[in-house]
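Below is one structure, written out as structure tokens; the observations come after it.
Order of the sequence lines fixes the chain letters, A, B, ..., with proteins taken first and strands second; residue numbering starts at 1 for each chain.
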Amino acid sequence: MKYRINYRKVGGAVYISHLDIQRAFQRAFRRAALELEYTEGYNPHEKLSYSPPLPLFVSSDDEYIDLELSGAETAQEVYGKLTGQLPRGLILNGVRKLLITEKPLSKTFVWADYEITARVANPAEAAERINEFVLGAQEIITTKKTKSQKEARVDIRPLLCEFEAAEEQGLLVIRSFLSMANEMLLNPFTFIKAIEENVPLEGGYYIEKIHKLKAYL
Amino acid sequence: MGDTTQIKKLLKNVLKPSRYTGGEFNEERMKGEGAVNYCMAFPDTYEVGMSHLGIKILYHLLNKMPNVNCERAFAPAADMAGQLKENNMKLFSLETFKPLDEFDFVGFSLQYEMCLTTVLYMLELSGIPFKAADRGEDLPIIMAGGPCCVNPLPFKDLFDIIVIGEAEEVLPALMELYEKNRSKSAFLKEAQKLEGVYIPLLHDGAERIKRLYIEDMDSSFFPEKFIVPFTETVFDRAALEVMRGCPRGCRFCQAGMIYRPVRQKNVSTLLKQADSLIDSTGYEEISLTSLSTTDYMGCDELLEKLYDKYAQRKTTVSLPSLRIDSFSLKLAKKMQTTRTMALTFAPEAGSQRMRNIINKNISEEDILSTLQEAFASGYNRIKLYFMIGLPFETEEDILAICALLKKIFYSYGASKPKKSLSLSASVACFVPKPHTPFEFFPQNTPEQFAEKQRLLVEGIPKKIKLSYHGADMAVIEGDFARGDERLGNVIISAYKKGCVFDSWGENFDNAKWKAAYEENGLTPGQFAQASYGYEDSLPWDIIDMGVTKEYMAAEAQKAEKEATTPGCFDKCSNCGIKKGGCRFEIQD
Ligand code: SF4
């Protein structure tokens with residue numbers, strides 16, 4: 001039986017790398033006595049898949065794991081067993097059963113709704129300039145490291161939408177949908193770097209918080 | 001509580017920030033105002049420190065006390081240390097980000113001699129003066145414990161309290177005492193009366209400190225829940241200690257002497273403890289640890305029961321090391337995890353004569369026949385451990401290592417295996433340790449070690465992988481094992497010259513150490529190479545290990561005559577720790 005787990009990663013858990021999060025969940029499943037199905041073959045491993053990795057220092061309200069159990073527990077039972085077995089900062093939102101026809105997690109999501117809070121010298125003016133730049137830009141060019149550690153030029157304009165910058169309680173708050181699509185993932189740090197490069201501010205940006213509110217189909 | 005906004009800034013600029021933020025599953029909750037605050041400090045990285053079972057037991061033990069908080073701190077990597085200094089901040093604990101200098105106690109676990117500069121590194125990052133005499137009333141009480149403390153003289157000036165033996169036995173009492181008596185000087189005066197507590201500033205230099213040990217392992221504290229690191233640690237599995245001590249009595253081995261008598265747990269205790277470990281952590285592997293697990297009397301039965309219990313849950317059971325005998329081999333086959341495909345054995349010496357001297361009761365036939373059996377069952381990766389520089393060693397003994405390796409290598413083809421043999425030999429430089437029968441004998445000089453290593457390189461065919469370390473670090477280790485208080489300033493000089501994390505071979509800088517000795521009018525090796533008569537007083541005589549010096553001397557004399565001594569399970573040789581000998585038995 002296949003299930004989809006929805007969880008939050010908040011507080012101190014933002015310092016835990018994706019790899020360590022995977023290990024933490026695997027151990028939580030064992031503590032919860034949930035019997036996972038294993039893959040066949042020479043080196044069998046648990047049938048588990050995760051939503052695209054969240055970078056370090058980023059919190060999220062909407063992360064996912066798919067898993068396959070050998071038993072036929074109800075989603076409610078899985079939730080009950082697992083809650084209480086998660087380390088601080090990893091919080092269950094819910095568990096539901098998966099239909100056989102559903103796409104895997106890597107192909108499910110298209111947009112991630114982010115909120116980025118930064119400390120800047122003059123937030124109201126900064127918000128205005130950033131809005132002007134992003135909404136008026138045909139392309140937004142920045143560089144990012146490829147898998148082979150080379151610097152590559154990318155245009156991130158098509159990878160974002162629903163953009164808005166504003167001043168809130170003395171801070172600069174930027175909200176935007178960033179692409180979560182397979183092969184076209186826009187890392188929030190790449191996004192912020194592009195903003196910083198194109199709208200340089202006196203005194204720079206100090207990023208207080210990057211938070212993912214929701215993943216969209 | 002430390003300055004979290006500041007700390008959050010630092011964390012963004014360091015690698016693997018989770019090493020500094022705690023929050024692992026089963027991390028203990030801290031109590032509020034009024035509790036005694038103890039920081040358990042480990043002078044190595046998080047990954048190394050969190051691999052220690054003993055640390056975790058103490059951590060949970062102290063936090064179980066109603067009015068004690070025990071937090072953790074590890075040696076930060078260079079990037080974090082740089083960030084702390086740049087931002088004028090102090091090293092902080094994992095649980096509440098509290099600066100170390102705000103604790104009532106900071107207790108260091110000294111597991112190996114070469115960690116002392118890292119202790120200074122942590123003290124400096126905490127703004128705490130190095131020497132006990134320079135620390136005022138309001139600075140924390142700095143403690144040390146762990147196996148290095150069997151000769152505390154080289155580092156006695158650094159600590160307010162040094163615990164001799166198994167700390168579980170006295171830490172709770174110390175905490176209770178402090179709770180009632182929170183003035184440092186008054187507390188230390190009282191603490192001095194406790195057994196196993198050495199307070200260098202108050203000690204008269206003569207009174208012997210008795211080592212503490214747990215009498216009954218079955219009733220001693222064992223946590224129901226263990227903390228589970230997020231990040232991969234060096235030893236990333238559940239460790240179940242089946243017994244403390246070793247029944248063999250190898251004469252070079254300090255652990256074999258300082259953990260006497262052998263204390264075994266009952267099988268039923270171990271099954272319960274295994275459950276606590278596995279249920280509370282979710283580890284996928286449980287390793288049965290001890291100095292010599294296959295000697296544990298319930299080994300077979302325990303393994304059988306653990307397999308039954310865990311097969312369903314896909315939890316594997318492993319042994320960290322094996323002896324060269326067919327019993328061990330049988331166990332290895334049973335465990336049949338891919339990991340055990342490389343077999344490691346420790347003959348320690350090449351010649352029978354030498355193995356008799358060190359009391360390693362194993363014959364060449366045993367070695368060869370066990371390996372034959374291993375080859376026949378498909379093992380083709382073998383690693384062997386040897387030592388050079390042992391007392392009474394001659395050139396022939398070194399050549400015997402080469403001869404033994406060749407014999408093993410050429411015996412491989414006999415069973416017509418499909419895969420080729422990968423045989424490797426790791427050869428360590430022997431360090432004579434206090435509280436062993438070899439405590440009287442000088443260590444080899446670097447020149448002697450080099451000459452022996454040359455013989456090995458020449459005598460061992462290239463097809464056998466030979467690895468050995470330079471002798472320089474072994475010499476410093478020898479000094480710190482056998483030295484006295486004159487070495488205190490050497491540690492400080494070495495640290496000031498930039499020595500830190502010395503136990504990681506690649507960081508060890510011999511030139512700096514040499515300069516640090518010279519600065520203090522000393523020469524590397526002068527303590528390690530000292531030779532003592534059996535009647536002479538030894539620097540570590542102030543520590544009463546339970547095993548008597550007469551026994552050590554008698555064993556040393558037997559070594560000289562190449563005579564062996566049976567192990568404790570076969571026949572008591574009256575080492576002095578228990579009148580009339582120990583009784584060894586376990587229950588189901
Ligand atoms: S008293 Fe005898 S049996 Fe006990 S540890 Fe000493 S030698 Fe071994």
Worksheet entry | Verdict with supporting geometry, A:Gln85 and B:Phe25, side-chain contact (heavy atoms from CB on, under 4.5 Å) | CA-CA 8 Å; A:Gln85 295 299 344; B:Phe25 193 69; 3.5 Å; yes
Discussion item. Within the supplied structure, the quantity of interest is the number of heavy atoms (other residues, nucleotides, ligands) at a distance under 6.0 Å from B:Lys64 NZ; does it exceed 12?
Written reply: no
Worksheet item: For the residue pair A:Arg27 and B:Asp236, what are the closest heavy atoms and their distance?
Response: NH2-OD2, 3.3 Å
Worksheet item: Counting heavy atoms not belonging to B:Glu224, are there more than 12 under 6.0 Å from its CD?
Response: no
Worksheet item: For B:Lys9, is it the side chain, the backbone, both, or neither that has a heavy atom closer than 4.5 Å to a heavy atom of chain A?
Response: both
Worksheet item: A:Arg23 pairs by salt bridge (Lys or Arg N to Asp or Glu O under 4.0 Å) with which of B:Glu232, B:Glu24, B:Glu284?
Response: B:Glu232
Discussion item. Is it the case that atom CD in A:Glu77 sees more than 12 heavy atoms from other parts of the structure closer than 6.0 Å?
Written reply: yes
Fill in: A:Pro87 versus B:Gly23, closest heavy-atom pair with distance
CB-O, 4.0 Å
Practice prompt. Identify the two heavy atoms, one from B:Phe230 and one from A:Ile16, that lie closest to each other, and give their separation to 0.1 Å.
Written response: CD1-CD1, 3.4 Å
Item to complete: Please say whether more than 12 non-hydrogen atoms of neighbouring residues, nucleotides or ligands are located less than 6.0 Å from NZ in B:Lys309.
Response: yes
Worksheet item: In Å and rounded to the nearest 0.5 Å, what is the OH to CZ distance from B:Tyr283 to A:Arg31?
Response: 10.0 Å
Practice prompt. Heavy-atom distances under 4.5 Å only: say whether B:Glu27 touches chain A with side chain, backbone, both or neither.
Written response: side chain
Fill in: Engaged part of A:Phe29 at the chain B interface, taking heavy atoms whose separation is under 4.5 Å
neither
Worksheet item: Quick check: are there more than 12 heavy atoms from other residues, nucleotides or ligands sitting under 6.0 Å from CZ of A:Arg119?
Response: no
Worksheet item: How about A:Glu168: does its CD atom have over 12 heavy atoms from other parts shown lying under 6.0 Å from it?
Response: yes
Worksheet item: Can B:Lys12 be said to sit on top of A:Tyr15's aromatic six-ring, NZ or CZ under 6.0 Å from centre and within 45° of the ring axis?
Response: no
Fill in: Exceeds 12 heavy-atom contacts within 6.0 angstrom, atom CD of A:Gln169
no
Worksheet item: chain A heavy atoms under 4.5 Å from B:Thr315: which part of the residue, side chain, backbone, both or neither?
Response: both
Worksheet item: Distance from B:Thr231 atom OG1 to A:Leu19 atom CG, nearest 0.5 Å?
Response: 8.5 Å
Item to complete: Please lay out, stage by stage, how B:Lys8 and A:Glu208 fare under the test salt bridge (Lys or Arg N to Asp or Glu O under 4.0 Å).
Response: CA-CA 9 Å; B:Lys8 274 186 191 160; A:Glu208 287 265 316; over 6 Å; no
